[in-house]
Amino acid sequence: MTQFGTANPENMENYIRALEERLLSLENATKVQPTAAKEPKLSNPMHFGGQRKHARTFILQVKNCIQAQPSRFITEANKVSFAVSFLSDVAFDWVSPYLEMNDPMLNDFPSFEKSFLLAFGDVDRKKHAEDAIFTLRQGNRPVAVLLAEFQKFAFEA
């Protein structure tokens, strides 16, 4: 015979209900409450005026800010607006017509990035990286600097 008895189904229901409540309270007590992770404070991306050699760096800096501080960039349009706010000179002249027309690209960061890199990125990045690998020389630089440069070009090649 069990402690709730087989003869009284009401006792069994009460016992099961009590066990369920106890189990629920134990689950709640052991749950780890998520803490709001504090987003890191980052430097803003460099301002980009249109120099092809800085286009990829600019986009990577923007993407790093977006990834590290997601609460600031709820929508795709927020991400694009953030990037546009750091464009100047020729680069801002490039984006101005899109702003005036309220082009759909301004509401989609991947589309903005693709258009931006088509306009300002290295059109033959892979070939330039391969060429750079073949011409790498240590010279008077530390090995760590040479290695970092090699890794950068090897990734692109």
Side-chain angles (χ1 to χ4, degrees), residues 17 19-157:
R17 215 173 291 124
L19 285 175
E20 288 174 339
E21 288 174 11
R22 185 165 183 218
L23 180 61
L24 185 60
S25 70
L26 286 172
E27 285 175 350
N28 288 337
T30 59
K31 276 186 186 174
V32 175
Q33 297 299 323
T35 56
K38 193 170 184 177
E39 294 176 348
K41 183 175 167 100
L42 302 176
S43 297
N44 283 328
M46 64 181 186
H47 280 80
F48 181 77
Q51 287 187 317
R52 191 172 297 281
K53 67 180 180 178
H54 297 302
R56 188 139 212 86
T57 301
F58 171 75
I59 281 294
L60 290 173
Q61 288 177 345
V62 168
K63 290 171 82 171
N64 184 53
C65 287
I66 290 168
Q67 182 179 3
Q69 298 174 331
S71 68
R72 289 181 60 194
F73 307 103
I74 305 301
T75 67
E76 292 295 306
N78 291 144
K79 296 172 187 178
V80 174
S81 293
F82 178 72
V84 167
S85 72
F86 294 96
L87 299 181
S88 62
D89 305 325
V90 174
F92 192 81
D93 292 343
W94 166 78
V95 81
S96 293
Y98 295 108
L99 292 168
E100 289 179 13
M101 296 181 310
N102 197 19
D103 191 276
M105 171 193 70
L106 300 173
N107 296 317
D108 181 49
F109 188 80
S111 294
F112 171 81
E113 178 183 5
K114 183 178 179 183
S115 296
F116 175 86
L117 290 174
L118 279 173
F120 297 105
D122 185 349
V123 291
D124 204 357
R125 193 170 136 209
K126 182 177 176 162
K127 181 176 180 346
H128 292 144
E130 289 170 354
D131 292 346
I133 287 173
F134 287 113
T135 61
L136 269 179
R137 301 289 180 264
Q138 183 175 353
N140 292 333
R141 303 181 298 170
V143 172
V145 173
L146 179 68
L147 179 61
E149 206 170 318
F150 174 80
Q151 286 177 325
K152 177 182 129 185
F153 293 132
F155 177 78
E156 294 175 6

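Quantities reported herein were computed from a predicted structural model and do not represent experimental measurements.
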Novice: Counting C-beta onward and ignoring hydrogens, is there a side-chain heavy-atom pair between Phe109 and Lys63 closer than 4.5 Å?
Specialist: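 Yes, close enough: below the 4.5 Å cut-off.
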Novice: Between Tyr98 and Val84, is any pair of side-chain heavy atoms under 4.5 Å apart?
Specialist: no
Novice: Return the orientation label for the Phe120 and Trp94 ring planes: parallel under 30°, perpendicular over 60°, tilted otherwise.
Specialist: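 Rings of Phe120 and Trp94: perpendicular, as their planes differ by over 60°.
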Novice: Could you walk me through whether Ser81 and Asn78 pass side-chain hydrogen bond (donor to acceptor under 3.5 Å, both in side chains), step by step?
Specialist: CA-CA 5 Å; Ser81 293; Asn78 291 144; 5.8 Å; no
Novice: With the side chain counted from C-beta on, respond yes when Glu76 and Asn107 share a heavy-atom pair under 4.5 Å apart, and no when they do not.
Specialist: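 Result no, sub-4.5 Å side-chain heavy-atom pair not found.
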Novice: Less than 6.0 angstrom separating the ring centers of Phe48 and Phe92, yes or no?
Specialist: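 No, they do not, as the ring centres are separated by 6.0 Å or more.
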Novice: Please report the interatomic distance CG(Leu60) to CZ(Phe58), rounded to the nearest 0.5 Å.
Specialist: 10.5 Å
Novice: If you round to the nearest 0.5 Å, how far is CE of Met46 from CZ of Phe86?
Specialist: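 Spacing of CZ (Phe86) from CE (Met46) equals 11.5 Å.
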Novice: Which of these, Leu106, Thr75, Asp108, sits in a side chain to side chain contact (heavy atoms under 4.5 Å, CB included) with Val80?
Specialist: Leu106
Novice: Return the CG to OG1 distance between Asn64 and Thr57, rounded to the nearest 0.5 Å.
Specialist: 12.0 Å
Novice: Give me the atom names and distance for the closest heavy-atom approach of Asp89 to Gly49.
Specialist: CB-O, 3.6 Å
Novice: For the pair Arg52 (side chain) and Gly121 (backbone), establish whether a donor and an acceptor sit closer than 3.5 Å, ignoring hydrogens and angles.
Specialist: yes
Novice: I would like to know whether Phe82 and Cys65 meet side-chain contact (heavy atoms from CB on, under 4.5 Å); could you show each step before the answer?
Specialist: CA-CA 9 Å; Phe82 178 72; Cys65 287; 3.8 Å; yes
Novice: May I ask you to decide if Met105's main-chain N or O and Asp103's side chain share a donor-acceptor pair within less than 3.5 Å?
Specialist: yes
Novice: Considering only NZ, NE, NH1 and NH2 on the basic side and carboxylate oxygens on the acidic side, decide whether Arg72 and Glu39 come within less than 4.0 Å.
Specialist: no
Novice: Hey, what do you get for CD1 (Ile59) to NE2 (His54), rounding to the nearest 0.5 Å?
Specialist: 14.5 Å
Novice: Can you tell me how far the CD atom of Glu113 sits from the NZ atom of Lys79, to the nearest 0.5 Å?
Specialist: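 Answer rounded to 0.5 Å: 11.0 Å.
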Novice: I'd like to know whether Val95 forms a side-chain contact (heavy atoms from CB on, under 4.5 Å) with Phe116, so could you lay out the CA-CA distance, the side-chain angles of the two residues, the decisive distance to 0.1 Å, and finally the verdict.
Specialist: CA-CA 9 Å; Val95 81; Phe116 175 86; over 6 Å; no
Novice: Any chance you could measure His47, atom NE2, to Leu87, atom CG, to the nearest 0.5 Å?
Specialist: 9.0 Å
Novice: With a 3.5 Å distance limit and no angle check, can you tell me whether Gln69 reaches the backbone of Pro40 through a side-chain donor-acceptor pair?
Specialist: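 Pair found, side chain donor or acceptor close to backbone of Pro40.
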